[in-house]
There are 2 protein chains.
Amino acid sequence: MNSDCTTYHCPVDATLDMIGGKYKALILWHLIGNTLRFGELRKLIPQATPKMLTQQLRELEEDHLIIRTVYPVVPPKVEYMLSDLGNSIRPILETMYNWGADYLRENGLTVSCSMKFPTKDS
Amino acid sequence: MNSDCTTYHCPVDATLDMIGGKYKALILWHLIGNTLRFGELRKLIPQATPKMLTQQLRELEEDHLIIRTVYPVVPPKVEYMLSDLGNSIRPILETMYNWGADYLRENGLTVSCSMKFPTKDS
DNA sequence: CAGAATCCCCTCCGATACTG
DNA sequence: CAGTATCGGAGGGGATTCTG
């Protein structure tokens, strides 16, 4: 998370601190129901440079929202998946998704990527 | 909002863009069911400098989440209240509040200000 | 009372190049 | 493949001072 405070002014700030990073919501969203490799995330979020993607993934890992698994093979293989805590944040993402989608639609704005509301699978 | 894009990569980003500002969630939260003056908001959010408070309020106004009313009197009197759009975002704040409160409790962290979950009044 | 204006630091983040 | 290292610009945000 971004803030190093052990005291927040508001629980909402604590939540925003964990998912408010530049690409964090997008990463979490893509990881819902999927275990993905670094390269797969890069393709899904091409606007993020490797540096930024790594940084955001590390912060999500520090906050225990995702689990990073390194396989000691050559070539390297690293997988990312949601933790239980990460899964518990899904309702927030969905609530924000629905509100944002309504807002964008009512304002005639568009979404550039193919992300859709996930069917309630795993 | 922070981004000037008319195209988002995700509705969640659009939502975060509107409420993710430094003090925006806190401002919106305090305005739920209350019409407040600038000075009252300053007392409720003392960690925000006047400059930052003004900036965040202006952005919330541009995004039509709040309504700013100026009374042409001396001394100046300005009131802020939630718009219909601002009120519509309340479920998001509540969802984030609940998740954040659970998270902080389970991690033994504390909230510094006296903000509580609002009773479901106006 | 409700801000506007200035100054300035410092972090975020993109671009580019390199590595085990 | 999955990163790391380095540089540098833009702007977020604090402290302070001033004003109608």
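Here is the naming used below: chain letters follow the sequence lines, and residue numbers restart at 1 for every chain. Here the structure is a predicted model, which is why all the values come from computation and not from measurement.
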Do [X] and [Y] have side chains that get closer than 4.5 Å, going by heavy atoms?
X        : Y        : answer
Ile19(A) : Val12(B) : no
Tyr23(B) : Leu57(B) : no
Glu40(A) : Asn34(A) : no

Under-4.0 Å side-chain N/O to phosphate OP1/OP2 contact, [X] with [N]:
X        : N       : result
Tyr23(B) : dG14(D) : yes
Arg58(B) : dA2(C)  : no
Arg42(A) : dA2(D)  : no
Tyr80(A) : dG3(D)  : yes
Arg37(B) : dG3(C)  : no

d([atom1], [X]; [atom2], [N]) in whole Å:
X        : N       : atom1 : atom2 : result
Gln55(B) : dT6(C)  : CD    : P     : 16 Å
Leu53(B) : dG14(D) : CG    : P     : 11 Å
Leu41(A) : dC1(D)  : CG    : P     : 14 Å
Met52(B) : dA15(D) : CE    : C1'   : 13 Å
Ile45(B) : dG13(D) : CD1   : P     : 14 Å
Lys22(A) : dA15(C) : NZ    : P     : 10 Å
Leu36(A) : dA2(D)  : CG    : P     : 11 Å
Gln56(B) : dG13(D) : CD    : P     : 7 Å

Worksheet item: With nearest nucleotides of DNA chain D determined for Lys51(A) and Pro76(A) from heavy-atom distances, which residue corresponds to the more 5′ nucleotide?
Response: Pro76(A)

Worksheet item: The side chain of Phe38(B) lies closest to which of these nucleotides: dG3(C), dG13(D), dG3(D)?
Response: dG3(C)

Discussion item. Using a heavy-atom cut-off of 4.0 Å across all strands, would you classify Tyr71(A) as base, sugar-phosphate, or nothing?
Written reply: nothing

Counting only pairs under 3.5 Å, give me each side-chain donor-acceptor contact of residues 78-85 of chain A, with atom names and distances, residues two or more places apart or in other chains.
from     : atom 1 : to       : atom 2 : distance (Å)
Glu79(A) : OE1    : Tyr71(A) : OH     : 3.0
Tyr80(A) : OH     : Arg68(A) : NE     : 3.3
Ser83(A) : OG     : His64(A) : O      : 2.6
Ser83(A) : OG     : Leu65(A) : O      : 3.0
Ser83(A) : OG     : Leu85(A) : N      : 3.3
Ser83(A) : OG     : Gly86(A) : N      : 3.0

Worksheet item: Are Met52(B) and Ile66(B) co-members of a hydrophobic cluster defined by side-chain heavy atoms under 4.5 Å apart?
Response: yes

